[in-house]
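Chain identifiers are assigned alphabetically (A, B, ...) following the order of the sequence lines, protein sequences preceding nucleic acid strands; residue numbering begins at 1 within each chain.
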There are 2 protein chains.
Amino acid sequence: MPADLHTELHGVVAERLQGREQRYTANRRAVVEVLASTDRPLTIQQLLDRADGLPQSSAYRNLTVLEDTGVVHRVAGSDEFARFELAEDLTDHHHHHLICSACGSIEDFTVGAELEKTIEETLDRAATEAGFQVDNHRLDLVGHCRRCA
Amino acid sequence: MPADLHTELHGVVAERLQGREQRYTANRRAVVEVLASTDRPLTIQQLLDRADGLPQSSAYRNLTVLEDTGVVHRVAGSDEFARFELAEDLTDHHHHHLICSACGSIEDFTVGAELEKTIEETLDRAATEAGFQVDNHRLDLVGHCRRCA
DNA sequence: ATTTATGCAAATCGTTTGCAAACCT
DNA sequence: AGGTTTGCAAACGATTTGCATAAAT
């Protein structure tokens, strides 16, 4: 990630936290830092491995705050581990996931803008008719990654 | 569910289990029965409430077997509870889910066949290029149900 | 008869929480 | 100072498992 985008990211996160009376502490910065440096959602363990010295409980607590603030997004995979990524509006990178049901890994993945638009509009219309208010969609592909195929 | 489809369902499940050296016991039948009688994925607790006398550990163990055998499908929601539904090829009912992030409820939901086909083909093509073998897709809408809106 | 499923209770493990010390404003 | 976050360790709760008994083949 380029230095300027990087700085910008922290600025936006700080604002978003302050708007909810939350502080942008060193630990929280570390979590955001790690999540910004990868191309896929991370488990708590992966996050701890990459954020040296971060205690487990702080990871959990800060991820909760960051999720409530809309900075981080929780991704449900096929295994028992929760995974986290930066919210899409912070990365400007709308994407989906390739979930390997063999090893549990999750990879990012995008589809063309036209299909994306069609999907979004159609789903939204159908859901609204069902009395459901859509906040976002979750379009994931479950299967086998290159290594597990 | 009509009586004949019902009988047919048990026949198919029995075959599928036997093909994997598994028995179609009373408990397993009860689990399938309950899942067939509802229009949405159920949590373990909901399943236990509807299958009188079924011990919790048997529910877990049998759901594992039924999932491994492809009879039952696990659905990840927005809360901490695993939910289960019959596999789509047993019900002939390809559908998606409306997940309420407020109360955690999950409702079934379908979209038109044309969009479904477009989505499937496009995703499959894109994923294959990424070296990923797609088994199925997961297209869920996250938002607020009528009661929680 | 032999293998597999059951049911209870105990263990497991990811996640949450109480509390006193460290930190930010 | 006054409130928040931290870090450790203990608690929690959904899920799993050991083991003796019952059921299925």
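Here the P atom of nucleotide C/dT16 and the CG atom of B/Asp79 are 13 Å apart, to the nearest Å. Straight-line distance from the CG atom of A/Leu48 to the P atom of D/dG7: 12 Å, rounded to whole Å. Put simply, CG on B/Leu42 is 17 Å from P on D/dA14, counting in whole angstrom units. Atoms CD (B/Glu80) and C1' (C/dT15) sit 10 Å apart, rounded to a whole Å.
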*Apply the test ring pair (Phe, Tyr, Trp, His ring centres under 6.0 Å) to residues B/Phe132 and A/His144: give CA-CA distance (whole Å), side-chain angles for both, the deciding distance (0.1 Å), then the verdict.*
CA-CA 6 Å; B/Phe132 193 89; A/His144 293 268; 7.9 Å; no
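Scanning both residues, B/Val111 and B/Glu116, for their nearest heavy atoms gives CG2-OE1, 3.1 Å.
The existence of a salt bridge linking A/Arg40 and A/Asp108 is excluded, since no basic side-chain nitrogen approaches an acidic carboxylate oxygen closer than 4.0 Å. Salt-bridge annotation for B/Lys117 and B/Glu121: present, with a side-chain N of the basic residue lying under 4.0 Å from a carboxylate O of the acidic one.
With DNA chain D read from its 5' end, the first of the two nearest nucleotides for B/Gln18 and B/Arg74 is the one closest to B/Arg74.
Within residues 20-34 of chain A, the residues having any heavy atom closer than 4.0 Å to DNA chain C are, in order of number, A/Arg23. Against DNA chain D, the stretch residues 49-67 of chain B makes heavy-atom approaches under 4.0 Å through B/Gln56, B/Ser57, B/Tyr60, B/Arg61.
Applying the side chain to side chain donor-acceptor pair (under 3.5 Å) test to pairs two or more places apart or on separate chains, those with a residue in residues 45-54 of chain B are B/Thr43-B/Gln46, B/Gln45-B/Asp49.
Here the NE2 atom belonging to A/His73 is positioned 7.0 Å from the CZ atom belonging to A/Arg138, to the nearest 0.5 angstrom.
The aromatic rings of A/Tyr24 and A/His10 lie tilted to each other, with the angle between the two planes from 30° to 60°.
Side-chain polar atoms of B/Glu85 and B/His93 form no donor-acceptor pair below 3.5 angstrom.
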